[in-house]
Amino acid sequence: MKFMKLGSKPDSFQTDGDHIRYVATELATDIVVNVGDVKFYCHKFPLLSKSARLQKLVATSNDENGDELHIQDIPGGPGAFEICAKFCYGMTVTLNAYNVVAARCAAEYLEMYETVEKGNLIYKIDVFLNSSIFRSWKDSITVLQSTKSLLPWSEELKVVSRSLDSIASKASIDTSMVEWSYTYNRKKLPSENGNSPQWNGVRKQQTVPKDWWVEDLCELRIDLFKHVITTIKTKGRVSGDVIGEALNAYTMRRLPGFSKGMIPNNDIIKYRSFVETIVWLLPAEKGTVSCSFLLRLLRAAILLDCGETERNELMRRISQQLPEATMTDLLIRAPAGEATIYDVDIVHNLVASFMTHISQTDPVKKEFLESTRSPKFGPDASKVLVAKLIDGYLAEIARDPNLPVSKFVNLAEIVSSVSRPSHDGLYRGIDMYLKEHPGISKSERKRICRLMDCKKLSAEACMHAVQNERLPLRVVVQVLFFEQARATTSSGSSTPDLPGSVRALLPGGSHGSSRSTTTNTEEDWDSVPTAEDIKALKGELTTLRLSGETNRNGMAKTDIERVAASRMKGLAMSKIFSKLKSSKERNGEISSSDTSESPEETKSTPSVSRKHSLS
């Protein structure tokens, strides 16, 4: 730290209690100066010889009280006045970054100009500021911090603006020219501490990081930090990435609990203003701060009830960077009083905004952006990333017992148009929702399962799905068929043609199958299968595969469809019959008439019996 000594005489100021200061000399004091609640017993000649203001006060006071002055509004208070008084006496005074601004403001108040006496205090302090303080990085920061309590004097004397300019200029300089001391806490590299096995014993000079100044500015209060960052941005020589890093580091340091998604509730107004200021300072360039940081800011803005403008700005920025987010980032707690655990509506709005933004992106610019990403994601990498992100998010929020089906489905449908290679993540979300919400209706269960494309399930997911008793029978049939088709293809055989009755169950399948077959089994297809049903289905599809192989040997295709359709229909009707029978047995009402409710059911009975005998 830089300092300057003024005067050469020993310090003769003495203290008598907390409120009396006097000069211990052989000459009696002839003036009393009241500064705040402290009385200074001094001599007129040294004070008046350097202070034009004290001269005026003595001259305008009446004869009775001419020896006692009152200056209650001097900046810096008794401490600053004492520095000025010691300078008048020629006593030794040490100025540094902590007291120089107070001394400068007090000297201005006392009008200690060059016109009163050459080499007066104002001149000497200005020389010290320009030649030492503002050339030092840390002293400039210290001086800026001390200006807060001395407003508006420090601002009118341009100490604030000069401090800001000094700090901003140093932060904007080329890092190769940085020679001053700064704080930069990070883990040293092996080559820096000599632990690297490749180290040859010669310690290389380490380059100064671009964000070397960030940690020191974290000590500033939010209003001063805002002024510094604004000044740095005005100079235009610091990249948006470094500005973003400064905002991130400052928020982590100054906003308690921010990194953990918690906000203190002891001073809501203070922290609300803090978050709104950080949002206002965000660089205009996209990607200068991480999406994770923006989402934590949004979470804080919601908890602190920040303004609509700030929240909308965060939503806009996040939607543009949504592919960078993680599932944990999106887990924003619902406001107090809401039934759900997480705020699904906000995520829904973010995804909707992202999809709109992508659709409106200029094609040439979009192609360029996609070319910079990993080629394994294909031309629509960002959409695929967001779709996978939402799949994981759905699996997490599905655990909420109060989450309505509509919110789950609506969020999944936003990314349903995105062609992603695998639906395993979506399947996990659907399975979790069905597990946590066993009481939903068949239509709701059907609506949820429609979100999933069974053809895009991995072998592991298929293995789980075909044994999953929470899925409707319709879905199990689809999974079994596509898994059978996949196995057939991998073995080099051709995929067997699917009969019309089964084809109607598959996504995009034909709807030209028998009306009676579909009508009779529609409700049953949407019911939940038992383990016996699943086992029987596997057997039927294996038979279907064998029939496909027979087709290559000359069997008519229509005959295969007729046989397969009959078997699948028989399986479905056996399931209905089994349910009716088990229900009657529980109620003790089995009779011969119970099995002949309608002609169509009676007609199907031989098929049922045949199915049981085959299994």
For [X], enumerate each residue passing the ring-ring contact (aromatic ring centres under 6.0 Å, His included) test, keeping only those at least two apart in sequence or located in another chain.
| X | answer |
| --- | --- |
| F128 | none |
| F81 | F40 |
| F134 | none |
| Y250 | F225, F274 |

Counting distance only, does the side-chain N/O of [X] pair as donor-acceptor with the main-chain N or O of [Y] below 3.5 Å?
| X | Y | answer |
| --- | --- | --- |
| N99 | T94 | yes |
| S136 | I133 | no |
| K138 | S181 | no |
| D241 | V289 | no |
| N402 | A339 | yes |
| N120 | E114 | no |

Can you tell me how far the [atom1] atom of [X] sits from the [atom2] atom of [Y], to the nearest 0.5 Å?
| X | Y | atom1 | atom2 | result |
| --- | --- | --- | --- | --- |
| D329 | R299 | CG | CZ | 7.0 Å |
| L298 | I346 | CG | CD1 | 5.0 Å |
| E308 | N312 | CD | CG | 4.5 Å |
| I31 | L54 | CD1 | CG | 6.5 Å |
| T147 | L164 | OG1 | CG | 7.5 Å |
| C306 | E276 | SG | CD | 4.5 Å |

[X] vs [Y] side-chain heavy atoms within contact, under 4.5 Å:
| X | Y | result |
| --- | --- | --- |
| L322 | S319 | no |
| K9 | K86 | no |
| K226 | L281 | yes |
| M112 | C84 | yes |
| L330 | Y342 | no |
| L394 | I397 | yes |
| L297 | V275 | yes |
| S382 | I358 | yes |

Original post:
Testing R254, K270, K148 for salt bridge (charged side-chain N to carboxylate O under 4.0 Å, His left out) with D223, which one passes?
Top reply: K148
Test of understanding: with side chain to side chain contact (heavy atoms under 4.5 Å, CB included), list the residues that count as partners of [X], not counting sequence neighbours.
| X | answer |
| --- | --- |
| S172 | I232, K235, R237, V238 |
| F45 | none |
| E313 | V279, R316, R317 |
| E156 | P152 |

Could you tell me whether [X] and [Y] make a salt bridge, using a distance below 4.0 angstrom between a side-chain N and a carboxylate O?
| X | Y | value |
| --- | --- | --- |
| R21 | D16 | no |
| R333 | D343 | no |
| D400 | K407 | no |

Original post:
After noting the C-alpha distance and the side-chain angles of M315 and L350, does the key distance pass the side chain to side chain contact (heavy atoms under 4.5 Å, CB included) rule?
Top reply: CA-CA 6 Å; M315 294 281 287; L350 286 173; 3.6 Å; yes
Original post:
Can you name the residues that form a side-chain hydrogen bond (donor to acceptor under 3.5 Å, both in side chains) with Y113, not counting sequence neighbours?
Top reply: E108
Subject >> Under the side-chain hydrogen bond (donor to acceptor under 3.5 Å, both in side chains) test, residues paired with Q55 that sit two or more places apart >> reply: none
For the [atom1] atom on [X], are there more than 12 heavy atoms of other groups (residues, nucleotides or ligands in this structure) within a distance under 6.0 Å?
| X | atom1 | result |
| --- | --- | --- |
| Y22 | OH | yes |
| Y123 | OH | no |
| K210 | NZ | no |
| K233 | NZ | yes |

**OP:** Show your working on side chain to side chain contact (heavy atoms under 4.5 Å, CB included) between L129 and V100 and close with a plain yes or no.
**Re:** CA-CA 8 Å; L129 288 171; V100 67; 3.9 Å; yes
Minimum heavy-atom distance [X]-[Y], with the two atoms named:
| X | Y | result |
| --- | --- | --- |
| A246 | V214 | CA-CG1, 3.6 Å |
| S163 | S140 | CB-O, 4.1 Å |
| S176 | D174 | OG-OD1, 2.5 Å |
| A325 | L389 | O-CD1, 3.7 Å |
| P10 | M91 | O-CG, 3.5 Å |
| Q72 | N34 | NE2-O, 3.8 Å |

**OP:** Would you please test S166 and R162 for side chain to side chain donor-acceptor pair (under 3.5 Å) and show each step?
**Re:** CA-CA 6 Å; S166 171; R162 290 160 69 192; over 6 Å; no
**OP:** Decide yes or no on side chain to side chain contact (heavy atoms under 4.5 Å, CB included) for L6 and K124, but give the supporting numbers first.
**Re:** CA-CA 9 Å; L6 300 175; K124 291 184 179 294; 3.7 Å; yes
**OP:** Examine Y182 together with W212 and report whether their ring centres are nearer than 6.0 Å.
**Re:** yes
**OP:** Mind checking salt bridge (charged side-chain N to carboxylate O under 4.0 Å, His left out) for D73 and listing every partner two or more places apart, or none if nothing turns up?
**Re:** none
Original post:
Do any pairs count as a ring-ring contact (aromatic ring centres under 6.0 Å, His included) and have a residue in residues 280-308, sequence neighbours left out, and if so which ones?
Top reply: F258-F293
**OP:** Take K170 and D165, measure what salt bridge (Lys or Arg N to Asp or Glu O under 4.0 Å) needs, and give me the verdict at the end.
**Re:** CA-CA 8 Å; K170 289 174 175 57; D165 187 71; over 6 Å; no
